[in-house]
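Atoms considered below: every heavy atom in the structure, side chains included; atoms not considered: hydrogens, waters and symmetry mates. All values derive from a computational prediction rather than experimental measurement.
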Amino acid sequence: MKIKSKSIFRNPINNKIQFENWVRKLENSNGRKYERKEIETSLGSTIVWSLNSSEPTFETLVIFPGARTTSLIWDLDKGLDNFNHKIKILMVETNGLPNLSDGNTPDIKTLDYGIWATEVLNKLDIEKVFIAGASFGGLISMKLAIIAPERIKAVFLLNPGCLQPFSLTIKNLYYNLLPILRTNENNVIKFLDKIVFSSPNHKLSDSVKKILIEYQMFALSNHIDKAQKPYYMGKELSKTNVSVYLLEGDKDFLFPFRKSINNAKKHIKSLKGIKVFNNVGHGIETYAKAIKYIGEKIKDYQETIK
């Protein structure tokens with residue numbers, strides 16, 4: 001696999017210690033410890049966090065995170081409890097993002113991310129699974145669905161970054177660029193409040209929001225991001241027959257939901273369901289009802305095959 005770019009931490013040793021400390025803070029907040037596995041892939045070392053990984057009878061869900069995040073974002077305020085039944089949860093730290101995986105990334109326009117994701121499944125000894133991807137993770141999920149459809153039971157796309165180009169509206173550009181160009185806590189809070197969440201319906205507890213702010217400040221201040229950003233996959237999306245469920249927040253300004261839905265209907269021939277959540281921002285993976293919806297679909301699948 002050809003490496004297109006490499007993201008790095010400014011001070012790799014100290015920054016990784018900072019990240020480890022942040023993980024412990026999240027674990028203490030949630031009252032649980034994440035299992036951790038390091039695997040070797042074509043992109044180097046890839047870290048996978050997990051819950052219930054040793055349970056042989058549980059269905060397995062593999063999660064790919066959005067850009068400029070860690071997969072652990074999914075469990076803010078114990079969000080993964082909202083699946084409401086026991087499943088094996090594997091949270092992949094996509095290479096090139098602000099996490100403990102190596103910073104190597106392939107060309108996003110190729111199918112290499114799908115090849116890499118297949119390697120992850122192989123190294124984790126997973127035969128067939130459910131896949132969930134938020135934003136950038138949605139694009140990786142669809143690349144995987146094209147490369148290895150036989151490995152997937154269903155894909156859940158949450159405000160995915162593969163169904164349309166990034167929105168160039170003034171509001172979206174302003175609040176996304178603000179914390180990048182002027183990194184301080186106030187600007188990070190503005191970004192979270194205006195883009196990621198949609199108060200009062202979609203928000204975190206005050207204490208956990210502070211944990212997220214700390215991570216965003218850490219990532220923006222210490223990580224040199226060279227990874228390419230998501231793009232509209234268009235006709236590529238028709239190259240798989242995997243069951244796809246689309247979850248959209250109606251307050252997602254990065255990828256406005258109506259356009260994403262229209263393009264999904266146009267290109268994804270195996271689209272099985274669309275769910276729009278009112279007053280939910282781009283960070284839909286932190287919204288309890290969205291996680292509950294995924295849990296219900298996985299449970300429906302289990303009951304169907306009995």
Side-chain angles (χ1 to χ4, degrees), residues 1 3 20 23 27 32-65 69-75 79-81 83 85-97 99-106 110-134 136-158 240-245 270 285 291 294-295 297-306:
M1 183 180 298
I3 303 301
E20 298 271 14
V23 173
E27 288 177 328
R32 57 173 159 238
K33 188 171 181 62
Y34 304 107
E35 305 157 53
R36 170 178 165 175
K37 188 169 185 177
E38 182 174 359
I39 57 178
E40 287 300 316
T41 68
S42 296
L43 297 180
S45 172
T46 299
I47 301 298
V48 181
W49 306 100
S50 60
L51 294 172
N52 306 319
S53 69
S54 61
E55 297 291 344
T57 62
F58 289 1
E59 290 285 359
T60 302
L61 174 70
V62 174
I63 289 171
F64 293 102
T69 69
T70 162
S71 56
L72 293 173
I73 294 295
W74 285 63
D75 204 29
L80 297 178
D81 286 356
F83 287 121
H85 68 281
K86 294 293 186 180
I87 58 177
K88 228 183 266 188
I89 304 169
L90 302 174
M91 296 169 279
V92 182
E93 293 285 47
T94 302
N95 292 69
L97 303 187
N99 57 49
L100 297 178
S101 295
D102 285 347
N104 300 318
T105 62
T110 68
L111 290 175
D112 283 354
Y113 267 121
I115 295 170
W116 164 78
T118 305
E119 290 177 356
V120 171
L121 298 187
N122 292 340
K123 290 296 180 76
L124 295 173
D125 295 319
I126 299 172
E127 289 299 321
K128 196 164 185 177
V129 294
F130 293 95
I131 302 293
F136 180 69
L139 181 143
I140 291 178
S141 299
M142 291 308 292
K143 297 278 187 177
L144 173 59
I146 294 170
I147 289 292
E150 73 282 357
R151 307 290 294 274
I152 300 173
K153 296 178 180 179
V155 172
F156 299 96
L157 302 177
L158 293 81
T240 184
N241 59 359
V242 169
S243 296
V244 174
Y245 294 89
S270 52
E285 68 270 33
I291 302 302
I294 296 173
K297 294 302 177 184
I298 294 175
K299 191 173 183 179
D300 288 345
Y301 177 91
Q302 292 173 317
E303 293 175 350
T304 299
I305 64 174
K306 284 181 180 178

Determine whether a donor-acceptor pair (N or O, by modelled atom type, separation under 3.5 Å) exists between the side chain of Thr118 and the backbone of Ala148. no
For residues Asn122 and Arg151, determine if any side-chain heavy atom of one lies less than 4.5 Å from a side-chain heavy atom of the other. yes
Exactly one of Val92, Thr46, Val48 clears side chain to side chain contact (heavy atoms under 4.5 Å, CB included) with Ser101, and that residue is Thr46
Arg36 side chain to Trp49 main-chain N or O, any donor-acceptor pair under 3.5 Å? no
Under 3.5 Å, is there a donor-acceptor pair between the side chain of Lys123 and the main chain of Glu40? yes
If you measure from CZ on Phe130 to OG1 on Thr60, what distance do you get to the nearest 0.5 Å? 9.5 Å
Pick one: which of Lys299, Lys153, Lys88 meets salt bridge (Lys or Arg N to Asp or Glu O under 4.0 Å) with Glu59? Lys153
Is any side-chain heavy atom of Ile39 closer than 4.5 Å to one of Val120? yes
Checking Ser270 side chain against Val242 main chain: does a donor-acceptor pair fall under 3.5 Å? yes
Identified side chain to side chain contact (heavy atoms under 4.5 Å, CB included) counterpart of Ile87 within the set Ile298, Asn52, Leu51, Ile294: Ile298
Under the 3.5 angstrom rule, does the side chain of Asp112 hit a backbone N or O of Pro106 as a donor-acceptor pair? no
So, do Ile63 and Glu285 sit near enough that their side-chain heavy atoms are less than 4.5 Å apart? no
At what distance, to the nearest 0.5 angstrom, does CG of Asn104 lie from CD1 of Ile3? 4.5 Å
Students often mix this up, so state it plainly: with edges at 30° and 60°, are the rings of Phe136 and Tyr113 parallel, tilted or perpendicular? perpendicular
Using a 4.5 Å cut-off on heavy atoms from C-beta on, say whether the side chain of Leu100 contacts that of Glu38. no
Are the side chains of Leu158 and Trp74 in touch, meaning some heavy atoms are under 4.5 Å apart? yes
Which residue is it: Leu80, Leu61, Ile47, Ile73? I am looking for the one with a side chain to side chain contact (heavy atoms under 4.5 Å, CB included) to Met91. Leu80
Is there a side-chain contact between Glu119 and Leu43 in this structure, where contact means two heavy atoms from C-beta onward sitting under 4.5 Å apart? no
Side-chain touch Thr94/Pro65, heavy atoms, less than 4.5 angstrom: yes
For Asn95 and Ser45, indicate whether the former's side chain and the latter's backbone hold a donor-acceptor pair under 3.5 Å. yes
Rounded at 0.5 Å granularity, tell me how far CD in Glu150 sits from CG in Asn241. 10.0 Å
